[in-house]
Asker: 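Please see the structure below; I have some questions.
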There are 2 protein chains.
Amino acid sequence: MSFLDEVPWNDAGLIAVVAQDSKSARVLTVAWMNREALKETVERQEAVYWSRSRKRLWRKGEESGHVQKIVEVRLDCDSDAVLLKVEQVGGIACHTGRESCFFRKLEHGRWVTSDPVLKDPSLIYKK
Amino acid sequence: MSFLDEVPWNDAGLIAVVAQDSKSARVLTVAWMNREALKETVERQEAVYWSRSRKRLWRKGEESGHVQKIVEVRLDCDSDAVLLKVEQVGGIACHTGRESCFFRKLEHGRWVTSDPVLKDPSLIYKK
């Protein structure tokens, strides 16, 4: 697919990806994709990332059910980041059971947890 | 500053940063910070990035005047990305004169420019 050729994959073959909730507009996650992940994301219309720690494709929601359905895919001006607008199934993107992974806010020089846990992770990940 | 010590800077000493407009909620840019850039961002309350191409601190808006005033600084769950909520001076974050750097949208397998130029770049960068 030609749009894949326009992405200047970095030395590790990856591009940074921001996922944003299409309704709440919250930035949910920052993750990475390789060529195969972006191809599959567009084909499935669900977010597929490259897990750098597990070194394999990571179909977001494969364990939690918290799939990210694609609403829009955007590319930035210097082609080094992708923006996904998504419908976040379950309203939870973070493995901690919160809406967004960005749940810590800098306050007076300290990172303070400012967002509630919406669902206990032990109820999300049952394995 | 202790909050800087909690950031697990990558091998290049950097962390990915997403800037989001606090009013329009649009994702404006993805850039990078080193320790000094994050420290200075918090001190000045204006976004300071690390330019990987120019290999120097990049005080966003230093040439264009399109400064990003800090509204909020957030850190994600695995501490590998920072989210800035900003007031984007001039309403233009992109060097192309558009609100956001994410002005291309994937449509039927092609990246299509979907956002208008708000100001001619030749009028922004007068040097």
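Chain letters run A, B, ... following the sequence lines, proteins first and then strands; every chain starts at 1.
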Asker: Out of A:L106, A:T113, A:V73, A:L75, return the one with the most heavy atom pairs under 4.5 angstrom to chain B.
Answerer: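 Answer, by heavy-atom pair count under 4.5 Å with chain B: A:L75.
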Asker: Looking at B:E62 and B:R56, is any side-chain nitrogen of the basic one under 4.0 Å from a carboxylate oxygen of the acidic one?
Answerer: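 Salt bridge present between B:R56 and B:E62.
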Asker: For the candidates B:S100, B:A81, B:C101, which exhibits the highest count of non-hydrogen atom pairs separated by less than 4.5 Å from chain A?
Answerer: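 Result: the option with the highest number of such pairs is B:C101.
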Asker: Is it the side chain or the backbone of A:V18 that comes within 4.5 Å of chain B heavy atoms, both, or neither?
Answerer: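 When you check distances to chain B, only side chain atoms of A:V18 fall under 4.5 Å.
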Asker: Going only through I, L, V, M, F, W and Y residues with side-chain contacts under 4.5 Å, is there a path from A:I15 to A:L28?
Answerer: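 Per the 4.5 Å side-chain linkage, A:I15 and A:L28 are co-clustered.
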Asker: Do side-chain atoms of B:Q20 reach the backbone of B:K85 as a donor and acceptor pair under 3.5 angstrom?
Answerer: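 Side chain of B:Q20 to backbone of B:K85: no pair is present.
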Asker: Heavy-atom distances under 4.5 Å only: say whether B:D115 touches chain A with side chain, backbone, both or neither.
Answerer: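 Only the side chain of B:D115 comes within 4.5 Å of chain A.
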Asker: Does the Lys NZ or Arg CZ of A:R98 fall within the cation-pi geometry relative to A:F103 - under 6.0 Å from the ring centre and within 45° of the axis?
Answerer: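 Output yes; distance and angle both within limits.
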Asker: Between A:D76, A:T96, A:V112, A:L83, which shows the greatest number of heavy-atom pairs under 4.5 Å with chain B?
Answerer: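 Counting heavy-atom pairs under 4.5 Å, the top option is A:D76.
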Asker: Give the member of A:E107, A:K105, A:R74, A:H95 that has the highest number of heavy-atom pairs under 4.5 Å with chain B.
Answerer: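 Heavy-atom pair counts peak at A:R74.
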Asker: Linking I/L/V/M/F/W/Y whenever their side-chain heavy atoms sit closer than 4.5 Å, directly or via other members, would A:V42 and A:L84 fall into one cluster?
Answerer: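 Yes; A:L84 is reachable from A:V42 via cluster members.
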Asker: Counting only non-hydrogen atoms closer than 4.5 Å, does B:T29 touch chain A with its backbone (N, CA, C, O), its side chain (CB onward), both, or neither?
Answerer: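 Looking at B:T29, nothing touches chain A.
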Asker: With hydrophobic residues grouped by side-chain heavy-atom distances under 4.5 Å, do B:L14 and B:V17 end up in a single group?
Answerer: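 No; B:V17 is not reachable from B:L14 via cluster members.
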